[in-house]
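The structure appears right after this line, and notes come after that.
All heavy atoms count here, side chains included; hydrogens, waters and symmetry mates do not.
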Amino acid sequence: MTDVLTPIHPVQVAPKVGFVSLGCPKALTDSELILTQLSAEGYQTSKTFKGADLVIVNTCGFIDDAVKESLDTIGEALAENGRVIVTGCLGAKTTDGGENMVRQMHPKVLAVTGPHATQEVMDAVHLNLPKPHDPFLDLVPQSFGVAGIKLTPRHYAYLKISEGCNHRCTFCIIPSMRGDLVSRPIGDVLMEAKALFEGGVKELLVISQDTSAYGVDVKYRTGFWDGKPVKTRMLELVQSLGDIAEPYGAWVRLHYVYPYPSVDDIVPLMATGRVLPYLDVPLQHSHPDVLRRMKRPASGEKNLDRLQQWREACPELVVRSTFIAGFPGETEAEFEHLLDFIREAQIDRAGCFAYSAVNGATANDLPGMLPIELREERRVRFMAVAEEVSAARLQRRVGSVMQVLVDSAPAMGRKGGVGRSYADAPEIDGVVRLLPPEKISKTLKVGEFTKARIVSAQGHDLVALPI
Ligand code: SF4
């Protein structure tokens, strides 16, 4: 490998920017925007610090472990490269004394920005590493046209529909880092989706902080797509994404959907296969008093009834959710309410954190902080129940035939491979382990679909025979 581009007239080496992306899918899409802009301006980018003229670290500042990982990465980049620009959620964080946390811990960084700050990051890059002026370099192609560069494998991509959040959950500091909800214009979102499908994406993952709230900030303004008016609203967004995905045979998967009545209109679209019958609904708890203390969106909704209605309307529906065990003041009875809820609601995929105080979150001041050991004990009890429910639901799939999107297939799948069904989002859910096909003519290819007969369930995963 060489750092020098293929010689063109005149011979010129493009400045090289090392890039490290930490954090959640929302941070990943910020990284993609910055990388797209860097590439469009003729910078080379790499995933390593070595040989780079400067390094950008996109950080996460949500929980203490993420803060530590981000600070350590900045330290490593400074030690190995020395010229570092920091962006992302940690960049917006201040210490108890009101100082910028990154600057205090690493005073040698060149610049620090908060999240969703492509232009500020580019300004800092221009200042410290002037942009190349070669017209040939300015024509470096972008991987997905208007959708820019993606950091995910070519066959799936995250589509961010909004920034920020209007809620003020007491355990969360995201609104103080990312601000209030700002919905992207629907025409832009749909144009990006189309470009991604054209570029080979087979699974589009819709993300935001609150997907159900899309368009609230612009009063569901009417935008335009393909010459037709379309409202900036979740229902129209999902309908349009389903329409755009259809000719490509691609999947659309919805994340961060709150159980508002408006979602009732989305579920029929899942039943007809317009979008995947999969909902990532971050519930966090089931007990109304805990939800009130958390100040959760839709805390007054009857979540169990709603989930049951959704399942009646769409029996294939898979529900993923995350929960917090040991929230301040949580009584044993409230916790058991949560365990009962998991059993009754039959949550297919559940994740759980033991409550951990996040610097700056208002929940830290709530009375009744539980001992760490008790929070952890409840997390373990929660996971035991959640895994029991999940395993039983997976077991029901044995014998069925499912459509599987192939993520990995060495030797064209002759030795088997790994894929996912509609029930498995990348990175967070289980996978489908594909056995070597019995038919000699059958091959598996990354980014393509295959039908597979489920032969067993193992932990969070399924084992299947491609047919
Ligand atoms: S909905 Fe609550 S947890 Fe989610 S980003 Fe908004 S404030 Fe944070």
Side-chain angles (χ1 to χ4, degrees), residues 169 171 254-261 263-264 267 270-271 276-294 296-355 370 373-400 421-425 428-431 454 456-462:
C169 301
F171 56 81
L254 304 179
H255 288 280
Y256 314 114
V257 175
Y258 286 99
Y260 289 114
V263 181
D264 295 354
V267 175
M270 297 182 165
L276 291 183
Y278 175 102
L279 271 178
D280 177 3
V281 190
L283 294 166
Q284 308 303 1
H285 212 282
S286 62
H287 197 284
D289 294 343
V290 181
L291 289 170
R292 261 193 295 278
R293 294 203 291 279
M294 288 178 166
R296 288 296 288 162
S299 64
E301 297 296 330
K302 294 198 166 74
N303 289 341
L304 192 56
D305 295 351
R306 176 137 279 132
L307 285 173
Q308 278 163 353
Q309 283 160 19
W310 289 349
R311 284 226 161 92
E312 270 162 36
C314 178
E316 287 299 300
L317 183 67
V318 161
V319 178
R320 140 163 284 278
S321 191
T322 47
F323 296 88
I324 296 175
F327 190 74
E330 184 189 63
T331 62
E332 177 62 22
E334 286 168 344
F335 176 65
E336 281 176 17
H337 187 279
L338 175 59
L339 296 184
D340 289 344
F341 173 82
I342 298 298
R343 288 190 196 98
E344 277 188 68
Q346 290 283 292
I347 302 292
D348 296 86
R349 308 278 195 187
C352 183
F353 293 103
Y355 176 75
L370 302 182
E373 303 73 41
L374 181 56
R375 295 182 231 163
E376 182 54 23
E377 183 205 300
R378 287 187 181 168
R379 186 193 68 79
V380 171
R381 282 169 64 199
F382 175 99
M383 284 315 295
V385 173
E387 276 165 17
E388 207 177 284
V389 171
S390 176
R393 290 189 69 79
L394 276 182
Q395 198 61 43
R396 298 193 327 190
R397 298 205 178 269
V398 175
S400 67
S421 73
Y422 80 90
D424 317 303
I428 50 175
D429 293 328
V431 295
I454 310 300
S456 66
Q458 288 179 359
H460 299 285
D461 303 334
L462 293 171

Taking the side chain as every heavy atom from C-beta outward, state whether N303 and F341 have any atom pair closer than 4.5 Å. yes
With sequence neighbours excluded, residues passing ring-ring contact (aromatic ring centres under 6.0 Å, His included) with F171: none
Quick one: are F323 and S286 in side-chain contact, heavy atoms under 4.5 Å? no
Any ion pair linking D424 and R349 (charged N to carboxylate O, less than 4.0 Å)? yes
Give me the one residue out of F327, F335, F382 that meets ring-ring contact (aromatic ring centres under 6.0 Å, His included) with Y355. F327
Is any side-chain heavy atom of H255 closer than 4.5 Å to a side-chain heavy atom of I428? yes
Under a 4.0 Å N-O cut-off, is there an ion pair linking R379 with E330? no
Is R343 salt-bridged to E388, cutoff N-O under 4.0 Å? no
Is M294 close to I324 at the side-chain level, that is, under 4.5 Å between some pair of heavy atoms? yes
Closest approach of V263 and L279, non-hydrogen atoms and distance? CG1-CD1, 4.2 Å
Hey, what do you get for NE2 (H287) to CD (E336), rounding to the nearest 0.5 Å? 11.0 Å
Quick one: does R311's side chain get under 4.5 Å of Q346's, heavy atoms only? yes
